[in-house]
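Chain identifiers are assigned alphabetically (A, B, ...) following the order of the sequence lines, protein sequences preceding nucleic acid strands; residue numbering begins at 1 within each chain. Owing to the predicted nature of the structure, the values given are computational and were not obtained by experimental measurement.
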Amino acid sequence: MARRQYPFHLIEPRWQEQWHAGQTFRAFNPGELIPAGHPFGIRHQLGGKAATAEELPPKFYILDMFPYPSGAGLHVGHPEGYTATDILARYRRAQGRHVLHPMGWDAFGLPAEQYAIKTGQHPRVTTAANIANFTRQIRSLGFSYDWSREVDTTDPGYFRWTQWIFLQLYNAWFNPATRRAEPISTLEYPAGCDTEARRRAYRDSRRLAYVAEAPVNWCPALGTVLANEEVVDGKSEVGGFPVVRKPMRQWMLRITAYAERLLEDLDRIDWSDSLKEMQRNWIGRSEGAEVDFQLEGHGERIRVFTTRPDTLFGATYMVLSPEHRLVAEIATPAQKAEVERYQRFAAGRSDLERAELSKEKTGVWTGAHAINPVNGARIPVWIADYVLASYGTGAIMAVPAHDERDLAFARTFGLPVVQVVRPPDAGTAWEGYCDEGTAVNSSGPGLVLDGLPTAEAKRVVTAWLVEKGLGQRTVNFKLRDWLFSRQRYWGEPFPIVWKADRETGARHHEALGEGELPLMPPELDDYKPTEDGQPPLARATAWLELPGGTVRETNTMPQWAGSCWYYLRYLDARNGTAFVSAEAERYWMTGRPGTGTGPAPASGVDLYVGGTEHAVLHLLYARFWHKVLFDLGHVSTPEPFHKLVNQGLILGEDGQKMSKSRGNVVNPDDVLREYGADAFRLYEMFMGPLSETKPWNTQGVEGVYRFLGRVWRLFVDDASEVEFEQACAADPGNAAAHLARVRLAASIAEGEATPGQLKALHACIRKVTDDLEHLRFNTAISAMMVFVNEALAWTSKPAGVLA
RNA sequence: GCCGCCGUGGUGAAAUGGCAGACACAGGGGACUUAAAAUCCCCUUCCCGCGAGGGAGUGCGGGUUCGAGUCCCGCCGGCGGCACCA
């Protein structure tokens, strides 16, 4: 180990201990007593008072993405974001703002459960041990968190409210007229709902939390289903295990009802373009039309969705998804066997196989024909798995001349291609495919599109379809409802029971009352998932079975449930009667301009820093829950996170992603022991811009460590430094006492600063201030290096300039 | 394939449209030292030159501008996301 540049091992723990003992960074809610001696009370002259929201300084809420406390301990990526937010928290406090800067644990999750399966040790035990280790590591980094607000998603005092929020979703429906969630009691029943059973069925079909039997992503290796967002390239995001489609009865959350608002409200928040774009793409809004095609010799019509109704004249065949409800009806006897064979083939193909073979088109003709409504043309109806059952109407009109996929299919099966759009640059040869242009060959009885540009042609043909009762303008979304149940042990149990009907024996679900929360999970000896998708909770018969044939729901919630609202629990973490008090929520989430400098308080969390891996998971789910809570009057802002910044990934020294198998993982504990928390933090900020991906470099840590040594020597008298070293060598036990005898350097004196010294100081202050406002920590640090390098050369160092 | 972001020394990176490479790392030289470590000083984009100095230079090719790393157009390369979404 290199010689210690300065005694950080004595300085850092001392301050950390003092901050902890004195709750230095505690924030106070309106109405909460502020102890007389607390720094916040002294600074704002509120000591010994219970200040109202009006008396408190304007808020600034700085949030970190709380970690999953894994057994591996803290990763160097965690402190990157945490240091950035901590610097800003301290800066805003210095500006007179009331800063809320909390930390907690996203502690439900698969690793603890898998460890339990292997060892039989209860996840609660390993989770507690991991949290203790994370706490130690994070404390030793000296962050200014308000630990009085610490949350743990696995604490019954926390997940009680996660269950409560689920009940809010369960007991609400989305009113398309008001575009808001409303209590289920406002739901009006259509004619025909004349029995309680029918009303219940209708009600249950409208709830924001509902049960559906649908093909889901089943992961046999994990023994659970997964949300679309958790499946990457046909494999589980966690572990990379194969995922297959399987029809199962699952709990769903109606996030699709909020698709339009989730999209629109991106415009009112301050996120990076790339992140907003990712959410936009995921929501996947597309405008188009639904068009009905009459089947030849059959009463039914086939409805398709298209974004290009202007190409209707080029539709030369139709394709239904293999799962489409009309397939069995329309397949002609001659084709029936082949159609059924194809249906089985398609059903057996995993998502992975579909993705890998996406270039090769497969399909069969049903034997049926449909009539193109614009020109009366007789076109064949095919089935193919390149048409998805779950998007649009599960059926398309194929326009091979103007759609690449249709063209590939048409070429494979020798179907006709008819050009109906001429590209704008008419000079170039038409290669069988083009997007926008001018309509050609597109006129029939009562409808003339020829010569119209694509946008105009869309309008004209849609109006014609509406007039004839053959179609309408439609908007479709890629976003699917959120599959919300998991077959796991280590998650929140659903506050739901299934009651049996006395006459029919059929079961229906009912919610527990709020008074029955928290619903604790049962104790189990065996946490193993089952092969058939039965959750482990189903083994806990004593817990499961209630009087009168009633049984509990045995699925649990996904890990996202707890992280969907933790930023709200921080506002009032110890509240036993509400998930957050209305007053605390209003104070911390709605901005009130007031004294102090810095930007005006934002609506929602002022600054949220975290990794980009949650772009379409946590960040979309949390916005959805927040909007539901907003609609139901539980929170006062439409969006949870005003400004969001993604920290960049920190790579290993070899420029590769850090991983155990590559052996390039940097352990924060080692860095801390060798260089101290300040050097560690400073290095992570000095590496480069916060949002960039950048490789770790231990020599770079030494560079900033040397800088901190220069700062130390700028202030400390050379002779007393030598005495300190000698005293420590002679009597290591009293290092702290030796440290207290270290003197200020003789060159530091009271006295007038020269114009040059003042200029250097103010250039530094100006640069650092400006950089902090824009989160440019690397250049702020370099400005301080410049100043210190210059100050070291001064023979007389005025105390006023250096302090 | 589509969308987004990004291409600057040996490396991490700086640069409201105005002296490209601040600040560091690595490297080279020197001081101190018996020696090493630590510290301090000097050099360090590339090419030519002993030197003074000269020339080139921000992925490539064009353009706008008095002036372009920065703005516009077209390529090439890298990273991330989406990927049969009709």
Distance check needed: [N] [atom2] versus [X] [atom1], whole Å only.
{"X": "A:Ile781", "N": "B:C23", "atom1": "CD1", "atom2": "C1'", "answer": "10 Å"}
{"X": "A:Trp712", "N": "B:A38", "atom1": "CH2", "atom2": "C1'", "answer": "16 Å"}
{"X": "A:Tyr705", "N": "B:A24", "atom1": "OH", "atom2": "C1'", "answer": "17 Å"}
{"X": "A:Leu682", "N": "B:A24", "atom1": "CG", "atom2": "C1'", "answer": "11 Å"}
{"X": "A:Lys657", "N": "B:C79", "atom1": "NZ", "atom2": "P", "answer": "13 Å"}
{"X": "A:Asn789", "N": "B:C41", "atom1": "CG", "atom2": "C1'", "answer": "13 Å"}
{"X": "A:Asp385", "N": "B:C84", "atom1": "CG", "atom2": "C1'", "answer": "9 Å"}
{"X": "A:Leu708", "N": "B:C23", "atom1": "CG", "atom2": "P", "answer": "18 Å"}

Under 4.0 Å, heavy atoms only, any strand: does [X] hit a base, just the sugar-phosphate, or nothing?
{"X": "A:Gly703", "result": "sugar-phosphate"}
{"X": "A:Ser286", "result": "sugar-phosphate"}
{"X": "A:Arg280", "result": "nothing"}
{"X": "A:Asp406", "result": "nothing"}
{"X": "A:Arg480", "result": "base"}

Per-residue pairing states of RNA chain B in dot-bracket (Watson-Crick or G-U under 3.5 Å; . unpaired, | other strand) read (((((((..(((.....[....))).(((((.......))))).((((....))))..(((((..]....))))))))))))....

Integer angstrom distance from the [atom1] of [N] to that of [M]:
{"N": "B:A31", "M": "B:G18", "atom1": "C1'", "result": "41 Å"}
{"N": "B:G77", "M": "B:G61", "atom1": "P", "result": "16 Å"}
{"N": "B:A26", "M": "B:C79", "atom1": "P", "result": "28 Å"}
{"N": "B:A20", "M": "B:A56", "atom1": "C1'", "result": "13 Å"}
{"N": "B:A68", "M": "B:C72", "atom1": "P", "result": "15 Å"}
{"N": "B:U44", "M": "B:A35", "atom1": "P", "result": "29 Å"}
{"N": "B:U70", "M": "B:C19", "atom1": "P", "result": "14 Å"}
{"N": "B:G57", "M": "B:C50", "atom1": "P", "result": "24 Å"}

Cationic tip of A:Arg280 within the cone over A:Trp271's six-membered ring, i.e. under 6.0 Å and within 45° of the normal?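 No, A:Arg280 does not lie over the aromatic ring of A:Trp271.
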
Show me the pairs that pass salt bridge (Lys or Arg N to Asp or Glu O under 4.0 Å) and involve residues 782-791 of chain A, at least two apart or across chains.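 Of all non-adjacent pairs touching residues 782-791 of chain A, none passes salt bridge (Lys or Arg N to Asp or Glu O under 4.0 Å).
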
Strictly by salt bridge (Lys or Arg N to Asp or Glu O under 4.0 Å), give each pair with a member in residues 683-701 of chain A just once, sequence neighbours left out.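 Sorted result for residues 683-701 of chain A: A:Glu80-A:Lys694.
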
Please tell me if A:Gln279 has a side-chain N or O lying less than 4.0 Å from either OP1 or OP2 of B:G81.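 No.
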
A:Phe413: partners by ring-ring contact (aromatic ring centres under 6.0 Å, His included), with sequence neighbours left out: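 Result, ring-ring contact (aromatic ring centres under 6.0 Å, His included) vs A:Phe413: A:Trp382, A:Phe409.
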
For A:Tyr621, what residues pass the ring-ring contact (aromatic ring centres under 6.0 Å, His included) criterion, not counting sequence neighbours?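 For A:Tyr621 the ring-ring contact (aromatic ring centres under 6.0 Å, His included) partners, ignoring immediate neighbours, are A:Trp482, A:Trp560.
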
I want to verify a distance call: between B:C25, B:C84, B:C82, whose nearest atom is closest to the A:Arg706 side chain?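 Of all the options, the side chain of A:Arg706 is nearest to B:C25.
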
Quick check for you: among B:G80, B:U39, B:C84, whose closest atom lies nearest to any side-chain atom of A:Met278?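 The answer is B:G80.
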
Compute the ring centroids of A:Tyr675 and A:Phe680, then answer whether they are less than 6.0 Å apart.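 No, the ring of A:Tyr675 stays outside the 6.0 Å limit from the ring of A:Phe680, centre to centre.
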
Indicate the ring-plane relationship of A:Tyr342 and A:Phe345, choosing parallel, tilted or perpendicular according to the 30° and 60° boundaries.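 The rings of A:Tyr342 and A:Phe345 sit tilted, inter-plane angle from 30° to 60°.
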
Hey, what's the ring geometry for A:Tyr608 with A:Phe641, parallel, tilted or perpendicular (30° and 60° as the breaks)?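 Aromatic pair A:Tyr608/A:Phe641 classed tilted.
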
Under a 4.0 Å heavy-atom criterion, the protein footprint on nucleotides 1-22 of chain B, written with B, S and -, is --SS-------BSS-------B

Taking A:Asp678 as the fixed residue, which of A:Tyr6, A:Tyr683, A:Phe8 is the one that meets the side-chain contact (heavy atoms from CB on, under 4.5 Å) rule?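 Going through the options one by one, the only one that passes is A:Tyr6.
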
Does A:Lys478 contact B:C82 through a side-chain donor or acceptor facing the base, at a distance under 3.5 Å?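 There is none.
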
Return whichever of A:Gly394 or A:Phe707 has its heavy-atom-nearest nucleotide of RNA chain B closer to the 5' end.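 Mapping each residue to its closest nucleotide by heavy atoms, the 5'-most match is A:Phe707.
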
Taking A:Lys767 first and then A:Asp771, would you say they form a salt bridge - that is, a charged N and a carboxylate O separated by under 4.0 Å?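 A:Asp771 and A:Lys767: salt-bridged.
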
Salt bridge A:Asp770-A:Arg776, side-chain N to carboxylate O under 4.0 Å: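 Result for this pair is yes, salt bridge flagged.
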
